[in-house]
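Chain naming here is simple, since letters A, B, ... match the order of the sequence lines and numbering starts at 1 in each. Keep in mind that what you see is a predicted model, and the values were worked out from it rather than measured.
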There are 2 protein chains.
Amino acid sequence: MATQLDQITQNLREILLEGEYEPGEALREVAVAERLGVSRTLVRLAMGALEQEGLLNRAPNKGFRVRLFTIDEVAGAIEVRGELEALAARNAAEKGIPKTLQDRLRAILSEAEVLVETGLGDLEARTRWIDLNTAFHAGIVEGAGNQSLGPAIDHICRIPLASPRAIVFDRTQPDRNVEQVRAANADHVQILDAIVNRQGMRAACLIREHAYRSGRNKRTNFDALQQARPLPALPGLALVRRGSSN
Amino acid sequence: MATQLDQITQNLREILLEGEYEPGEALREVAVAERLGVSRTLVRLAMGALEQEGLLNRAPNKGFRVRLFTIDEVAGAIEVRGELEALAARNAAEKGIPKTLQDRLRAILSEAEVLVETGLGDLEARTRWIDLNTAFHAGIVEGAGNQSLGPAIDHICRIPLASPRAIVFDRTQPDRNVEQVRAANADHVQILDAIVNRQGMRAACLIREHAYRSGRNKRTNFDALQQARPLPALPGLALVRRGSSN
DNA sequence: TTGACGCAATATGCATGCAATTTTTGGCGA
DNA sequence: TCGCCAAAAATTGCATGCATATTGCGTCAA
């Protein structure tokens, strides 16, 4: 048990990302404490951490409220992530990445390509692809050899939907999903090629565009989903609403 | 009083940045609580926040330890900051900044130039210049119009010495300081010029180089200072800071 | 009817206390 | 002298309790 606090924080984080509380809603300590079965102190600790992550806002003597994320903020966050990943790709290309990392990334790409041919019909396949996608992006960052870069990207990825892990699958249009994922795979191949060939600028531009496209896909799929079902249950989605009234 | 917690957190943050505790040293709750004159609970809350900021590490059942920053991490953080500010400058240039912001930035540059001519002999002048420098950088970010960018830069700036606010003045060589600051002012003028003329790429490259140079200066001055008087820890000491932002 | 004042209910902010875990210490034997 | 083990001391993890701030409601007056 890695301290109860970590578990509680993770629980509360998931609850928030599930959209169980409305954006702007006040989180009363006692209610949350009872629900999670722990003391108020622990809940307060967890809320403090989530405030740092940006999921909650705190007003002095008025407790914590669920933070509101606008679609523009998400788009901005993805742009920031793209820029940081571009820096990572450029650095990785300029200094060169070790053979072991190359092999790992190639293996990831191979498996991802095989996976897409299955059509991504079942949840397990989609989950696996997301893991591979995440691992690829992490690998690029690892190749950059900049210790500050990883945490910075992690931080920006805490904004709902900003992470490369937060793929929105619109299951009403599976063909489009497959097409998007296939395109992402193709991007990855080009990016790795650029890095291996020490083409820093090319790698940077490719990954920046890759992030941009991913953001656009998210927006498209999200809009489609919201039209089909007013309250989607996918993690993170319910936090995104239009019209920021602060 | 904006809740005691904020004050305690700020106090502890300053204590850590001053380098009063050795990197890697364990922070015992009771000792810190007594020193700050508050309860352990509050200290624990503050430490949790500082862990999120990256100033402390936490090991389960073993409390918090002062995090160690290497010179490479600082260099990496400055590179990240440069990249983010480059994004900000590029966006600001591409979308254009309002006249009011232009005027504010020009006023900042004017005052900074006048200030440098005084030679930055006294602490007050140096502090004022740091404030102006910070305000200029913040203004660029404001002009980008990306809500996620500011927090991302704030986050990376929490690494000691990574912030544009954290200028290292080597008072054993005042002439070199003045030269560096004069060069920084000149950079600022060019950057603003590029933004106003909607030259996104030029602005981005200029500010990236500006960050790079600032990092190099910090290293040079820091090394010189350390040679003059051997310093135990990296954070703090030569760091000229000014009360809490916000 | 409406607005203001005040009291009660409720929620947060912080301190203290207790249990569990870790670290230190002291003693014993090889 | 060194290593090992157990008990004691110290330290963290968490729950509870009290003080203070806020919110909601009822009452009264204009």
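Looking at B/S214, its side chain never comes within 3.5 Å of a backbone N or O of B/H210 through a donor-acceptor pair. Between the side chain of A/R58 and the main chain of A/F64, no donor-acceptor pair closer than 3.5 Å is present.
Taken from CG in A/L42 to CZ in A/R44, the straight-line distance is 12.0 Å, to the nearest 0.5 Å. Remark: A/E14 CD to A/T9 OG1 distance equals 11.0 Å, nearest 0.5 Å. If you take CG on B/L115 and CD1 on B/I130, they are separated by 10.5 Å, rounding to the nearest 0.5 Å.
One atom, CG of B/L42, and another, C1' of D/dA19, lie 15 Å apart when rounded to the nearest Å. Summarising the geometry, the separation between CD on A/E51 and P on C/dT12 is reported as 14 Å, rounded to the nearest angstrom. At whole-Å resolution of the value, CG in B/L45 and P in C/dT16 are 15 Å apart. Atom CD in B/E34 sits about 14 Å away from atom C1' in C/dA15, given to the nearest Å.
A salt bridge does not link B/R128 to B/E124: none of the charged nitrogens lies less than 4.0 Å from a carboxylate oxygen. A salt bridge is defined here as a Lys NZ or Arg NE, NH1 or NH2 lying under 4.0 Å from an Asp or Glu carboxylate O, and B/E79 with A/R90 fails to meet this definition.
Under 3.5 Å, the side chains of B/E73 and A/N146 contain no donor-acceptor pair of N or O atoms.
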Distances under 3.5 Å between nitrogen or oxygen atoms of protein and nucleotides 8-11 of chain D:
from, atom 1, to, atom 2, distance (Å)
D/dT11, OP1, B/R28, NH1, 3.0

Atom pairs, N/O to N/O, protein against nucleotides 17-25 of chain C, distance under 3.5 Å?
from, atom 1, to, atom 2, distance (Å)
C/dG17, O6, B/R40, NH2, 3.0

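For A/R44 and C/dT12, the shortest distance from a side-chain N or O to OP1 or OP2 is not below 4.0 Å. Residue A/Q4 places at least one side-chain N or O under 4.0 Å from the OP1 or OP2 atom of D/dC14.
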